[in-house]
Number of protein chains: 2
Amino acid sequence: MSKAPAEMDVARSGIATAHDVAKVAGVSQSAVSRAFTPGASISERTRKRVLAAAEKLGYRPNQIARSLISGRSRLIGIGVGNLRNPFFSESLEALSVALDRAGYRSLIFPAIERPEVGSSLYDILNYRLDAVVLISTALSQAFSEACALAQVPIITFNRQSTDPNISSVVGENYVGARCLAAHLIAGRHDRYAFIAGGAESSTSQEREAGFADYMAERGLPPPMREESRFTFEGAAAATRRLLMSASPPDAICCVNDYTALAALNVAREEFGMVVGRDISITGYDDVPMAGWPIFALTTYRQSCDDMVDNVVRMIDELKQGQGAASKIVLGGELVVRGSTRTAR
Amino acid sequence: MSKAPAEMDVARSGIATAHDVAKVAGVSQSAVSRAFTPGASISERTRKRVLAAAEKLGYRPNQIARSLISGRSRLIGIGVGNLRNPFFSESLEALSVALDRAGYRSLIFPAIERPEVGSSLYDILNYRLDAVVLISTALSQAFSEACALAQVPIITFNRQSTDPNISSVVGENYVGARCLAAHLIAGRHDRYAFIAGGAESSTSQEREAGFADYMAERGLPPPMREESRFTFEGAAAATRRLLMSASPPDAICCVNDYTALAALNVAREEFGMVVGRDISITGYDDVPMAGWPIFALTTYRQSCDDMVDNVVRMIDELKQGQGAASKIVLGGELVVRGSTRTAR
DNA sequence: CTGAAAGCGCTTACAG
DNA sequence: CTGAAAGCGCTTACAG
């Protein structure tokens, strides 16, 4: 039994095109395109025939060609920094799943602090991304301008930009840090400290301000302060400096859970302290590990899923051409566990 | 001062094309293309002029158009599963950075166990990926066939497939598990257990076989056995079953670090055991957390970076048309820490 | 509802 | 070295 010419072509070239399907189905190439375009003007009968032929040839519309002509790639760039922080890996996973459901694909790229000119950071813009999401990453002026030129909207996740043209989804950091401060004060500690991230991070700034302001309002002296640079080793070193000082703190508010986990390790293993008795330590985020029995970290919960849902909604809105950037702040809640004492 | 027509067009349409640049530079559109193609036949003088015009207009070649015509997208699909396991998030980050350096972009997609037909899993193939890398994910027959049809090579990372056409990069699981078995036996324990992942995982199978074979060779009874399904809660439950049994083990070999961390939590916090004295627990991978003082997990190290480098090399080779799939097995090393006892 | 045709923004033989 | 032209695989007015 001899095959139809179109099928033979396909067998030879490997990947079927709309043209091949059209030949097999006995319709025009336009009809093939319409069969794969939801809402396109095509009869049910034709559609069925095209789909049958496509099935037989293993045809699927080439997204690259589609993107070229439509001007939209359905690709979202996601800038990721330090995935060792579980909040970021959790966010990335949740975001990619949510985008996937909404019909977008995730193009991840390493969000380096100071990219060289002509680095790959800019290369991704050549894929005509529908949007760029930066997960907990500082936004360089150069990259921001490149995105504007390429007409790619930027959304910062868990970070804020002062630029009114940039959308963002963040937690209520100032409020959350005040909550943690109030909780620690209720435990009647003697000396308070804050382990920050880095000065360039809006999130770190806001949490530190909330904590320090609350202390000041209660007439307490300014808390001791160290920086972690958001790394485990940085946070461990910051904790050591704090605990080796002449009058060490007995309450440490850390900029996030990852940092707090480092502080907890050092206090317990290097200084032999019982966390929750000799010293109280708080985090921020409520990552799954914070709930591990061995840590039992008191923290302020941010819902990664809520944040992600808002990002996806923003992207959908941007698509509809409702151009304005928006800034969303989401609530959270205090989660008290064993790493803080509540009474003397 | 009036602008040249080309510049005005650009200002209007937004994104400059090679045509716009050609007009401004006073050359053909082909010349513009050549200026951006390394090794293309073009004089230095023309190239300079084109680059200057491109700079002025903020032009960068549209990768979508480039991909369409060249048939190669420079896009690598990365299937990710459970990023809560730090070995996977670490691998993902290392892989995306390495691919980036090699000139590829990473398209991540949720690697669901049993995808529905027509799910997004198949949609990514329409981007004409240069390759797909599956990080610790089981490969479904349907997806494998779809990739073959779309002519997209598959590389499994930290997993093996029996299909000879599929490339893989894995650690020496059988050897590593034997090492861990030898180490535990040297500590003279009474009863041994193995917490596996799932039966469909080649990695879990190999490690379990290595462990059990070594025990058998030493004339020891078959170790107790539980499954974790690779989740924290699954591993915690498995540990509970083990420790609540009539004759509980005093040595547990876990399929990976993430699982071992759960076992350690349960043994310490729920059963009040001192890990490394009352019970020995081992992991596999040597993720950063394994080295945290609070865990001090004995484990078998796999170098994520080595594995990633091999994946990138494979992709480069596949590009050159050296079609054959290859299977690479990488060595590792035992890392002894405090979670296992070495003498009674 | 359907097909022929134009065109998305590039790369790459083909002549010169 | 350079330009005109064909074409990658689609979508989408435009007629019918």
Side-chain angles (χ1 to χ4, degrees), chain A residues 6 9-10 13-50 53-54 57-75 123 125-129 150-151, chain B residues 6 9-10 13-50 53-54 57-75 123 125-129 150-151:
Chain A
D9 284 355
V10 169
S13 72
I15 299 179
T17 69
H19 231 94
D20 302 324
V21 177
K23 275 196 207 159
V24 171
V27 297
S28 73
Q29 186 263 132
S30 320
V32 176
S33 174
R34 291 193 183 99
F36 284 94
T37 306
S41 169
I42 187 172
S43 72
E44 191 55 24
R45 189 167 160 282
T46 309
R47 213 180 65 87
K48 284 264 170 62
R49 265 177 43 196
V50 170
L57 301 181
Y59 169 81
R60 305 184 131 264
N62 184 329
Q63 271 299 334
I64 298 288
R66 223 173 211 188
S67 302
L68 179 59
I69 204 158
S70 68
R72 299 191 61 248
S73 65
R74 287 172 49 210
L75 252 27
D123 182 73
L125 293 174
N126 303 333
Y127 283 94
R128 300 303 186 250
L129 306 178
Q151 304 185 340
Chain B
D9 285 355
V10 169
S13 71
I15 298 179
T17 69
H19 232 94
D20 302 323
V21 176
K23 274 195 207 158
V24 170
V27 297
S28 73
Q29 186 264 130
S30 319
V32 176
S33 174
R34 291 194 183 100
F36 283 93
T37 306
S41 169
I42 187 172
S43 73
E44 189 55 24
R45 189 166 160 282
T46 309
R47 213 179 65 88
K48 284 262 169 65
R49 265 177 45 196
V50 170
L57 301 181
Y59 169 81
R60 303 184 131 268
N62 185 329
Q63 272 298 336
I64 300 288
R66 221 174 212 188
S67 302
L68 179 59
I69 204 159
S70 68
R72 301 191 61 248
S73 65
R74 286 172 48 209
L75 253 26
D123 181 75
L125 294 174
N126 303 332
Y127 283 93
R128 301 302 187 251
L129 306 178
Q151 304 185 339

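Naming convention: chains lettered A, B, ... in sequence-line order (proteins, then strands); numbering from 1 in each chain.
Here side chain to side chain donor-acceptor pair (under 3.5 Å) pairs that include residues 64-74 of chain B, with residues two or more places apart or in two chains, are A:D123-B:R74, B:R72-B:D130.
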- Task: Report the secondary structure of DNA chain C in dot-bracket form, marking unpaired bases with a dot and bases paired to a different strand with |, and treating Watson-Crick or G-U pairs with both distances under 3.5 Å as paired.
- Result: |||.||||||||.|||
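Side-chain contact between B:V32 and B:D20 is absent, with no heavy-atom pair separated by less than 4.5 Å. You'll find the side chain of A:F36 reaches within 4.5 Å of the side chain of A:V50, heavy atoms only.
Atom OH of residue A:Y127 and atom CG of residue B:N62 lie 10.0 Å apart, to the nearest 0.5 angstrom. Here the NZ atom belonging to B:K23 is positioned 12.0 Å from the CD atom belonging to B:Q29, to the nearest 0.5 angstrom. To the nearest 0.5 angstrom, A:I69 atom CD1 is 14.0 Å from A:I64 atom CD1.
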- Query: Can you give one letter per nucleotide of nucleotides 9-16 of chain C, 5' to 3': B if a protein heavy atom sits under 4.0 Å from the base, S if only from the sugar-phosphate, - if neither?
  - Reply: BBBBB---
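Across every non-hydrogen atom of A:A150 and B:I15, the tightest pair is O-CD1, 3.5 Å. In this structure, A:R34 and A:A40 approach most closely via the heavy-atom pair O-CB, 3.5 Å.
Nucleic acid contact class of B:T46 (heavy atoms, under 4.0 Å, all strands): sugar-phosphate only.
Contact check, B:S43 against D:dC1: no side-chain N or O comes under 4.0 Å of OP1 or OP2.
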